[in-house]
Amino acid sequence: MGVGFWAEPFNALTNGAFIVTAAAILIRQQRVASADKQLCVLAILTASVGVGSFLFHTLANSWSLIADIVPIAVVIYSFFYLALARFLRLSAAVAGLSTVALIVLSPTLETLMKPLLGSSASYEPGLIATFGVAVAVPVLGRGPMPRLLVAAGIAFATALMFRMLDAPLCGTWPTGTHFIWHLLNALALGFALFAAERVRAGSRLGAVTQPPRQPLADHL
């Protein structure tokens, strides 16, 4: 590891995973008759996570730190709102108030989780937005537990583990493990967005939105 723009090449380049995740969602939405606008916005926000993190891991200054932190927070809380509305079928008002409540409570939650998660405690709302909502679905009688959302929670929890291991292992593993946090975080967002894609606003839980079938002649 050196200094300068490419001082952290692995940490910088792996942010491309967020761009790939966003592109996958946007391409899929281009193929449906009626694009899911909320999902497209979340996909663009996901891309912004990669851009912001890339800027921080290459420039490493005060404003790029903000560019690194803010997008992921916006994505987490935006997805939490969407998950409450789609998976738990809460009204926009209730989902919005619940999201505001999570934002307000997040500093307290961070303090409580600090002994367990350390500097990664601020990402605890991401676990609530995935595992928390997934568990609430059957508890509230909204249907079976969404597997893709559970997968998102598992990927995010594993990503946090590698984020936490980065500092302790940096001395013996020069590349660190922070780049794995990027890859698994992007995977978690992918699972989360695909889970939301399956449940359009106002639709039955588990209903899959698919592109309309085109006549065979159109593909010839």
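Hydrogens, waters and symmetry mates play no part in the numbers below; they use all other heavy atoms, side chains included.
Nearest heavy atom pair, residue Phe54 against residue Thr58, reads O-OG1, 2.7 Å. In plain terms, the two heavy atoms of Ala17 and Leu183 that are nearest each other are CB-CD2, 3.9 Å. Between Leu45 and Val74, the shortest heavy-atom distance links the atoms CD1-CG1, 4.0 Å. Of all non-hydrogen atoms in Ser122 and Pro125, the two that sit nearest each other are O-CD, 3.3 Å. For the residue pair Ala196 and Leu39, the shortest heavy atom distance occurs at CB-CD1, 4.0 Å. Minimum interatomic distance between Phe156 and Gly126 (heavy atoms only, all atoms of both residues): CE2-CA, 3.7 Å.
Below 30°, between 30° and 60°, or above 60°: for His178 and Trp181 the angle between ring planes is between 30° and 60°, a tilted geometry. The aromatic rings of Phe10 and Phe179 sit tilted relative to each other, their planes meeting at an angle between 30° and 60°.
Here the side chains of Leu160 and Leu127 are in contact, with some heavy-atom distance below 4.5 Å. Side-chain contact between Val51 and Ile19: present, with at least one pair of heavy atoms (C-beta onward) separated by less than 4.5 Å. Put simply, the side chain of Val133 does not reach to within 4.5 Å of the side chain of Ile128, judged on heavy atoms. Residues Met161 and Thr158 form a side-chain contact, since some pair of their non-hydrogen atoms from C-beta on lies under 4.5 Å apart. Residues Tyr123 and Leu117 form no side-chain contact, since every pair of their non-hydrogen atoms from C-beta on lies 4.5 Å or further apart. Side-chain atoms of Leu26 and Cys40, non-hydrogen and from C-beta on, do get closer than 4.5 Å to each other. No side-chain heavy atom of Asn185 sits less than 4.5 Å from a side-chain heavy atom of His182. At least one side-chain heavy atom of Phe194 sits less than 4.5 Å from a side-chain heavy atom of Ile25.
In the hydrophobic clustering of ILVMFWY residues, with side-chain heavy atoms under 4.5 Å counting as a link, Ile69 and Leu42 come out apart. Under a hydrophobic clustering in which Ile, Leu, Val, Met, Phe, Trp and Tyr are joined whenever their side-chain heavy atoms come within less than 4.5 Å, directly or via other members, Phe131 and Leu140 fall into the same cluster. Under the 4.5 Å side-chain contact rule for hydrophobic residues, Val70 and Ile76 share a cluster. Leu88 and Met145 fall within a single hydrophobic cluster, where Ile, Leu, Val, Met, Phe, Trp and Tyr side chains are chained together by heavy-atom contacts under 4.5 Å. Neither Ile154 nor Leu116 shares a network with the other; the hydrophobic side chains, linked directly or stepwise wherever heavy atoms of I, L, V, M, F, W or Y lie under 4.5 Å apart, form separate groups for each.
With rounding to the nearest 0.5 Å, the separation of CG in Leu148 from CG in Leu193 is 10.5 Å. The structure places CG of Asn15 at 10.0 Å from CD of Glu8, a figure rounded to the nearest 0.5 Å. Here the CG atom belonging to Leu90 is positioned 10.0 Å from the OH atom belonging to Tyr81, to the nearest 0.5 angstrom. Atom CG of Asp68 and atom CZ of Phe56 lie 6.0 Å apart (nearest 0.5 Å). The CZ atom of Phe80 sits 5.0 Å away from the CG atom of Leu102 when rounded to the nearest 0.5 Å. Atom CD1 of Ile72 and atom CG of Leu189 lie 5.5 Å apart (nearest 0.5 Å).
Side-chain atoms of Glu124 do not come within 3.5 Å of backbone N or O of Glu110 as any donor-acceptor pair. With hydrogens and angles ignored, the 3.5 Å screen pairs a side-chain donor or acceptor of Ser106 with a backbone N or O of Ile103. Checked by atom type and distance alone, the side chain of Arg142 never pairs as donor or acceptor with a backbone atom of Phe87 at under 3.5 Å. With hydrogens and angles ignored, the 3.5 Å screen pairs no side-chain donor or acceptor of Asp166 with any backbone N or O of Arg163. Formation of a donor-acceptor pair under 3.5 Å by the Thr130 side chain with backbone atoms of Ala152 is not found in this model. Judged by distance alone, with hydrogens and angles left aside, the side-chain atoms of Thr172 form a donor-acceptor pair with the main-chain N or O of Leu169 at under 3.5 Å. One N or O on the side chain of Ser91 and one on the backbone of Val94 form a donor-acceptor pair closer than 3.5 Å. Using a distance-only test at 3.5 Å, with no hydrogens or angles considered, a donor-acceptor pair links the side chain of Thr21 to the main chain of Ala186.
Of the listed residues (Thr99, Leu149, Leu84), just one forms a side-chain contact (heavy atoms from CB on, under 4.5 Å) with Phe79, and that residue is Leu149.
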